[in-house]
Amino acid sequence: MDMSAGERKGLSLFALIMIGIGSIFGSGWLFGAGSAAQVAGPAALVAWVIGVIFIGMIAMSYAEVGSAYPIPGGMARYGHLSHGPVLGFLTGWAVWIATASLIPIESIAATQYMTSWSFDWAKGLVDPGTHQLTLSGTAVALVLTLALWLTCFWSVQLLARANTVLTLVKFAIPVLAVLALVGSGFHTSNFTAHGGFAPYGWPAVLTAVTTCGVVFAFNGFQAVVNLGGAAKNPGRAIPLALVGALALGLVIYLALQVSYLGAVPPELLERSGGWQGVDLSSPFADLAGLLMLHWVVTMLQFGAFISPAGSNIANVASAAYMVTNLAETGFFPRKLAAVHPRYGTARPAMWLNLGFSVVLLVTVGRSWQALAGVVSAAMVISYLIGPVAVGVLRRTRPDLPRPFRLPAAGVLCPVTFAFAACALYWSKWPETGKITLLTLVSAPVAALVLWRRGELGGSREAGSGKDEGRGGASLLRQFAPAWWMITFLVWTATVSALGGRDFGGRGVLPGELGTVLIAVTAPVFYFWAVRSGVRAHERGLTSAPSVAETAPQAAAALDDARPKATV
């Protein structure tokens, strides 16, 4: 996870797949099956399939852009490349929030699983009624967050070398858990009892995709895109690693979901009044305890530390890359990209991420389930720029070398964007409102930064040699490529607030009318976004990354003496 071009020897395809799988198997598998079953019943199986199709479409669009611009942490830069600085900051801000939020959620997962320990103090970490962290539980989660962060702060290179071993262990634990649960007694009647296969309707299945950790679980694909620039052959390695990691992830998550649904004792299901009443704080560990599988409980308790710790290697690295990218574009203080002369770590960036993690943990991060919904919504917003960037760069830079080209991009990109728009709506109100507000906070920040830099006209940064002044007209000129995103977020949040009650809205738009509205209008926003990007290129608001960012081998020869930045 070395940011230095000089020290990149080239990740192999296998290593990149291991990074992807290691990120996919974080805390998501510990809670996802239980949360999805509680919301959608046995139809949660469909949610996983929908989730991987959605993420696969997003991932392939990023694979084209990522292989053309193999920049570490590139997901925070692609908006800047396609639309210029303002949209680049808005999307980079969303990507940073989504990535940095993964750091505390892993500690929350480990803390919740501690309640399955036999110690009395461990039982008090989570409120049994609300399943939220108590004061002592929050303190333990803070300690774990700091411990994981410090480990990466000093020893990330050692942990990166051990990533393959950690991933294999993380892979083995859920497989053994599946075999043990199925072998303990599999109740096929659970798939049809208490309301049938989809007891709460198909809207609940769509909600499960974004609020129950499905999108959250597969979000590990970002590690492949963000770190794939260090691969030996990014154009080949990134798409293959994405397909391999997502396919293997789907198989394991489906197996976990099936084993969970079939292993729940029918009497517990009956006593709970259906799947919504089966509310386990540590789903797999609690279920294994009910089935007297004590060795499985012990294994899961071990896995509850291994999985988050392994995933946080990529999380801490990716989050630091996001900060340094935003600092390099000038919207974060450039000091945040500073490299420690001795340890070679981007420590200011890591400190910022730690502070954000702590704030998130003590405010909204009182449980894995609560934070996963907010994080998933932020992730969906960060996905929007992928298909849009493909559409823009295909028109503005047709001769750009593309080691991987998305097939049928003219059709797949608007469809993928529409899918992402619907997924944001499915995140349910008020989460959609919260994450929209949190994202749009970056707009006035962008205006302030541009004003202070004296670059509201954008000409000097683009290299046109002209200074068109500072003023309202120049500000509007800079913001022009970003209005589609601002309008889209406001529109989606409004539809969400007025939408069906199944998606948390007020019911003004009955039934599935909200989803239909979002799906029908999404292509309009997509083509508006592409047109805005093309105009931004024509006006000189965008700029290509440097050779040092896109060609590590060439950059290594330029300056072997520069500091090495490891995150």
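Source: prediction; values computed, not measured.
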Q. Does the side chain to side chain contact (heavy atoms under 4.5 Å, CB included) test come out yes or no for N190 and L261, once each step is laid out?
A. CA-CA 7 Å; N190 288 357; L261 290 168; 5.5 Å; no

Q.
What verdict does the side chain to side chain contact (heavy atoms under 4.5 Å, CB included) test give for V296 and L176, after you've listed the backbone C-alpha separation in whole Å, the side-chain angles of each residue and the deciding distance to 0.1 Å?
A. CA-CA 8 Å; V296 176; L176 290 173; over 6 Å; no

(Q) Pair Q257, V178 - check side chain to side chain contact (heavy atoms under 4.5 Å, CB included), show working. (A) CA-CA 9 Å; Q257 188 68 70; V178 167; over 6 Å; no

Q. If you look at every heavy atom in A420 and F54, which pair is closest and at what distance?
A.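 Between these two residues, the closest heavy atoms are CA-CE1, 3.5 Å.
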
Q | Minimal non-hydrogen separation, A36 against W48, with atom names | A |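 Looking at all heavy atoms of both residues, the shortest contact is CB-NE1, 4.4 Å.
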
**Q.** Ring centres under 6.0 angstrom apart (W93, F331)
**A.**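 No.
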
Q) Is the centre of the Y383 ring less than 6.0 Å from the centre of the Y62 ring? A)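 When the ring centroids of Y383 and Y62 are compared, they turn out to be at least 6.0 Å apart.
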
Q. Between atom CG of L440 and atom OG1 of T436, what is the distance when rounded to the nearest 0.5 Å?
A.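 Between L440 CG and T436 OG1, I get 6.5 Å after rounding to 0.5 Å.
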
Q) Just how far is it from atom OG of S107 to atom CG of L133, taken to the nearest 0.5 Å? A)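 Reported value, rounded in 0.5 Å steps: 10.5 Å.
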
Q) Is there side-chain contact between I58 and F221, with at least one heavy-atom pair below 4.5 Å? A)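 Contact flag for I58/F221 side chains = yes.
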
Q: Start with the C-alpha distance between F284 and Y260, add both sets of side-chain angles, then the distance that settles ring pair (Phe, Tyr, Trp, His ring centres under 6.0 Å), and finish with yes or no.
A: CA-CA 7 Å; F284 281 104; Y260 180 87; 5.7 Å; yes

Q. Between the side chains of N353 and W96, is a donor N or O closer than 3.5 angstrom to an acceptor N or O?
A.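 The answer is yes; a qualifying pair exists.
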
(Q) Under the criterion side chain to side chain contact (heavy atoms under 4.5 Å, CB included), I'd like the reasoning laid out for F191 against L45: C-alpha separation, chi angles, the key distance, then a yes or no. (A) CA-CA 10 Å; F191 291 83; L45 292 166; 4.2 Å; yes

